[in-house]
There are 2 protein chains.
Amino acid sequence: MSDNLQLEKQLCFRLYSLNKLMCRLYAPVLKELALTYPQYLVMMVLWQYKTGISIKDLGIKLDLDSGTLSPLLKRMEKQALLKRNRQKKDERVVVIKLTQKGIELQKNAEHIPAKMFAVTGLTFEKLQSLNQELDQLIENITD
Amino acid sequence: MSDNLQLEKQLCFRLYSLNKLMCRLYAPVLKELALTYPQYLVMMVLWQYKTGISIKDLGIKLDLDSGTLSPLLKRMEKQALLKRNRQKKDERVVVIKLTQKGIELQKNAEHIPAKMFAVTGLTFEKLQSLNQELDQLIENITD
DNA sequence: AACAATTAGGTTGCACACAACTAATTTGCA
DNA sequence: TGCAAATTAGTTGTGTGCAACCTAATTGTT
């Protein structure tokens, strides 16, 4: 009786659990920066695009739609981390740009990747190969 | 300039993205059963515990607390998939038990694991080893 | 130029997750 | 036995995700 409907056999359940565990691991660290986990992901993109990025492109990077990003960015603007401005050339486009406060927050975040890597208990080689396997899986299931 | 604050380098972002992708892959399949993704996970546990399981134990299996499970189970009860009953011996405990409708839904779900496995594009061996690696990671970061 | 189709972003409604708290019940220990 | 501590669910409030829909601006075609 090969019952395949078992939680323990599901790859999807492992990904679901691991994502939640990761969020919980990051939560206390990010609390010091007054960021939620998705907000931290947004900040990582913005730290790489200090000249600004459109909400559309931000959505492509993070794989999130406007229904999620619009209110999220509004909350971050309220925290004075970023500004939103309509693009002159195309009034449909809203460009997101970090404020000075948002830029300076990067200094306080720089220790996080190493800290979290340590928590995973993986060797650097293991991490690299796991990342590769997950990238392959992402590619496979992305149409 | 080894900028470690890059989205592309983060294991956590891959897990975050993969979890979302998985949910989206399951959504249309689960829609036929009128289930959401977390509800499907609950059903998988209940199909294994047809004699009933307490909300606490369900929470341990799924790694979810009462703040999530209480309203979720209430919605599922409204759909007549399950019943909640206080335990006689210990009135604090609520036991969740499938209704006939809930039990019969299993037949309609039995094709899902094979279907989703196919979508991953992984060989069975690859799936097994990935599952093992993720289990290892879960163990490492679970205190 | 005129107008349909496309594009970018926003809004609404619903379903999670989870922190923080409350209420009811049971347990354990002085 | 009496009562503080622990246990189990439930509630409230906030922040995502996402489907479905809307508005405004731009583009493409005739």
* Could you list by number each residue of residues 45-61 of chain A showing a heavy-atom separation from DNA chain C of less than 4.0 Å, or answer none if no residue does? =>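 Going residue by residue through residues 45-61 of chain A, the ones with a heavy atom under 4.0 Å of DNA chain C turn out to be A/Ser54, A/Ile55, A/Lys56.
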* Interface limits on DNA chain C, where chain B has a heavy atom under 4.0 Å of a nucleotide atom ->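 So the outermost contacting nucleotides come out as C/dA15 to C/dT26.
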Restricting to side chain to side chain donor-acceptor pair (under 3.5 Å), what partner residues turn up for [X], sequence neighbours left out?
{"X": "B/Asn108", "answer": "none"}
{"X": "B/Ser54", "answer": "B/Asp57"}
{"X": "B/Lys61", "answer": "B/Tyr49"}
{"X": "A/Lys50", "answer": "A/Gln106"}

* To do: Please tell me which of A/Asp63 and B/Val95 maps to the more 5' nucleotide of DNA chain D, matching each residue to the nucleotide holding its nearest heavy atom.
  =>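 The residue mapped nearer the 5' terminus is B/Val95.
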* Between the side chain of B/Trp47 and the main-chain N/O of B/Gly102, is any donor-acceptor distance below 3.5 Å? ->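 Looks like yes, one N/O pair under 3.5 Å.
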* Side chain to side chain, B/Ile96 and B/Ile55, heavy atoms closer than 4.5 Å ->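 Contact flag for B/Ile96/B/Ile55 side chains = yes.
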* Answer yes or no: is there a side-chain heavy-atom contact under 4.5 Å between A/Val45 and A/Ile53? =>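 They are in side-chain contact.
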* To do: May I have all residue pairs that pass salt bridge (charged side-chain N to carboxylate O under 4.0 Å, His left out) and include part of residues 111-138 of chain A, sequence neighbours excluded?
  =>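 Output for this query lists A/Asp135-B/Arg14.
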Extract all donor-acceptor atom pairs below 3.5 Å that involve side chains of residues 25-42 of chain A and protein atoms in other chains or at least two apart in sequence.
from	atom 1	to	atom 2	distance (Å)
A/Thr36	OG1	A/Gln39	N	3.3
A/Tyr37	OH	B/Cys12	O	3.2
A/Gln39	OE1	A/Thr36	N	3.1

* Asked: Quick one: side-chain contact (heavy atoms from CB on, under 4.5 Å) partners of B/Lys20, sequence neighbours excluded?
  ->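 B/Lys20 satisfies side-chain contact (heavy atoms from CB on, under 4.5 Å) with A/Asp63, A/Leu64, B/Tyr16, B/Arg24 only.
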Tell me which donor-acceptor pairs under 3.5 Å the side chains of residues 75-85 of chain A have, and how far apart each pair is, sequence neighbours excluded?
from	atom 1	to	atom 2	distance (Å)
A/Glu77	OE1	A/Arg84	NE	3.2
A/Arg84	NH2	A/Ser70	O	3.3

* To do: Would you tell me whether B/Gln100 and B/Glu104 have side-chain atoms, one donor and one acceptor, within less than 3.5 Å of each other?
  =>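 The answer is yes; a qualifying pair exists.
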* Within residues 64-91 of chain B, find the residues that approach DNA chain D with a heavy atom at under 4.0 Å, and present them sorted by residue number. =>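 Here the set is B/Ser66, B/Gly67, B/Ser70, B/Lys74, B/Arg84, B/Arg86.
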* **Close residues, residues 18-41 of chain B, relative to DNA chain D [heavy-atom separation under 4.0 Å]** =>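 Nucleic-acid contacts, sorted: B/Lys20, B/Arg24.
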